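So the structure is just underneath, and the comments pick up after that.
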Amino acid sequence: MPQTLSNLWIQKRRPHWDRLAALLAQSDQSGLKQLSRAELQELALLYRQVAADLSVLRQDTTARTYASFVNQLLARAHHIIYSGRKTNLLTLLRFLKDEYPAIFQRQIQYVVASLLITGACGLLGVVLTTSRPEFMRHFVGPQMIATMERHEMWTQSIVSIAPKETSRIMTNNLTVSFETFAGGISFGLLTLYSLFVNGMLLGVIGAACHHYGMSMALWSFVVAHGSLELPSIIIAGAAGLRLGHAMLFPGGYRWKDSIARGGIEATRLVSGIIPLLVIAGCLEGFFSPSHAPVWLKFTVGGTLFTALNLWLFRPVKTRNIPA
């Protein structure tokens, strides 16, 4: 789009953006319920119109500032419009199917960073434990070491109390993931620490089990639920890194606006891992510690991991979805 035409188009569309911004400010100040029915209808109509404007702006490399401004408006409007709707199963499925893969792909640089940090820490844990086996005692308790010395898995007790243990596992996994995400508010430092601990723990336990000849027992236990649980923690770390980046590098935004924008993007990114952790918790409580054949556990794990990647990396239309 030529610059002169782009300027003419922007001048024509700018009043709609300003009106949307005014309605959003009114909603922030007095609450959504204070808007009249006509204003609510106008807000919904403007949201759709401005979403179409964003699609045009993204095609014009000279209009990046305007695109960023409009994208921020859409993100705020999206939160207000959809938070006012009752969430039902159909809405959730539509979000997971149509919106979440686009959200994930848009934040892929943070996902890669989280994966690399965790992988590097895991490798460090393997190297330190392999070279100095006593190092494992800094991460693995004496009771777990005692079971490994007897060539027993410490997970056998889960089978007899699976329903209760499943609930505890789900709660723990959700807590770890959301602490990793919330750590971004510390300029990303607590997120980095959480990724360090999780990576080191995985590497140390893996090396320790190899040291005691229990690698197959470990990975056949981990593979089914880990195919969803470990990527969930990586994604939670990515959300924390996104939030930390917004705090450290506001760019062209005011610091407050940068945090608000980063917080919205990070929250939307981490929201998709909740169903993954629920499924992982069920598998870890019932299936992973069971006496199912090893080949079946690896098949389940491989199938779930493949399905996860097909979902997250499926081609999606992202133009009208605010970042």
Side-chain angles (χ1 to χ4, degrees), residues 1-87 90-92 94-108 239 242-243 246 250-269 271-272 315-323:
M1 183 183 295
Q3 179 65 31
T4 54
L5 179 61
S6 178
N7 286 337
L8 180 64
W9 182 86
I10 288 172
Q11 290 174 9
K12 183 179 178 180
R13 300 305 303 168
R14 186 61 189 255
H16 298 278
W17 309 341
D18 292 338
R19 177 56 180 162
L20 178 59
L23 288 173
L24 293 174
Q26 184 178 345
S27 174
D28 291 340
Q29 184 175 6
S30 57
L32 187 62
K33 293 182 179 180
Q34 298 303 316
L35 296 180
S36 66
R37 183 178 182 84
E39 288 173 329
L40 289 172
Q41 291 175 338
E42 183 183 11
L43 178 64
L45 177 61
L46 284 170
Y47 175 79
R48 292 191 293 271
Q49 291 177 340
V50 175
D53 292 346
L54 178 62
S55 177
V56 176
L57 287 167
R58 283 177 172 169
Q59 298 177 48
D60 185 355
T61 57
T62 66
R64 290 178 179 174
T65 302
Y66 291 108
S68 180
F69 169 71
V70 170
N71 184 73
Q72 188 178 8
L73 279 180
L74 281 176
R76 291 172 58 198
H78 184 276
H79 174 71
I80 290 175
I81 291 171
Y82 288 97
S83 65
R85 297 183 178 182
K86 291 183 178 179
T87 302
L90 184 60
T91 303
L92 176 60
R94 187 179 296 115
F95 168 76
L96 292 174
K97 174 179 176 292
D98 298 326
E99 292 190 39
Y100 188 76
I103 293 169
F104 173 85
Q105 291 170 30
R106 194 170 286 142
Q107 307 299 330
I108 191 64
R242 174 66 187 95
L243 184 56
Y253 295 94
R254 293 183 302 173
W255 194 66
K256 178 181 178 181
D257 292 337
S258 177
I259 295 175
R261 183 171 184 264
I264 291 172
E265 294 181 3
T267 301
R268 298 179 76 201
L269 178 62
S271 65
V316 289
K317 296 180 179 180
T318 62
R319 285 184 178 178
N320 294 338
I321 300 176

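Computed from a predicted model, the values in this text were never measured in an experiment. Values reported hereafter were calculated over all heavy atoms of this structure, with side chains retained and with hydrogens, waters and symmetry mates removed.
Taking CD1 from I264 and CG from L74, the interatomic distance works out to 11.0 Å, rounded to the nearest 0.5 Å. Taking CG of L269 as the start and CZ of R106 as the end, the distance is 11.5 Å to the nearest 0.5 Å. One distance of note links CD of Q49 with CZ of R13; it measures 5.5 Å at 0.5 Å rounding. Remark: E265 CD to N71 CG distance equals 7.0 Å, nearest 0.5 Å.
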Q | R242 and R261: CA distance, side-chain angles, deciding distance, side-chain contact (heavy atoms from CB on, under 4.5 Å) verdict | A | CA-CA 10 Å; R242 174 66 187 95; R261 183 171 184 264; 3.7 Å; yes
Q: Before giving the answer on side-chain contact (heavy atoms from CB on, under 4.5 Å), spell out for E99 and R268 the whole-Å C-alpha distance, their side-chain angles and the decisive distance to 0.1 Å.
A: CA-CA 10 Å; E99 292 190 39; R268 298 179 76 201; 3.2 Å; yes
Q: Would you check, one step at a time, whether the test side-chain contact (heavy atoms from CB on, under 4.5 Å) holds for T267 with L243?
A: CA-CA 9 Å; T267 301; L243 184 56; over 6 Å; no
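Residues satisfying the ring-ring contact (aromatic ring centres under 6.0 Å, His included) criterion with Y100, sequence neighbours excluded, are W311. Applying the side-chain contact (heavy atoms from CB on, under 4.5 Å) rule to E42 yields the partners R19, L23, L46; only residues at least two apart in sequence or on another chain are considered. By the ring-ring contact (aromatic ring centres under 6.0 Å, His included) test, F104 is found to be paired with F313, residues two or more places apart in sequence or in another chain being considered. By the side-chain contact (heavy atoms from CB on, under 4.5 Å) test, S258 pairs with A246, P250, Y253, sequence neighbours left out. For I259, the side-chain contact (heavy atoms from CB on, under 4.5 Å) criterion is met by M247, W255, not counting sequence neighbours. Residues that satisfy the side-chain contact (heavy atoms from CB on, under 4.5 Å) test with R48, not counting sequence neighbours, are A44, L45.
Across all their heavy atoms, W17 and L73 have their closest contact at O-CD1, 3.6 Å. Residues H16 and V50 come closest through the heavy atom pair O-CG2, 4.5 Å. Looking at every heavy atom in both residues, P101 comes nearest to L96 through CD-O, 3.2 Å.
Cation-pi contact between R14 and Y66: absent, since separation from the ring centre below 6.0 Å together with deviation from the ring axis within 45° is not met.
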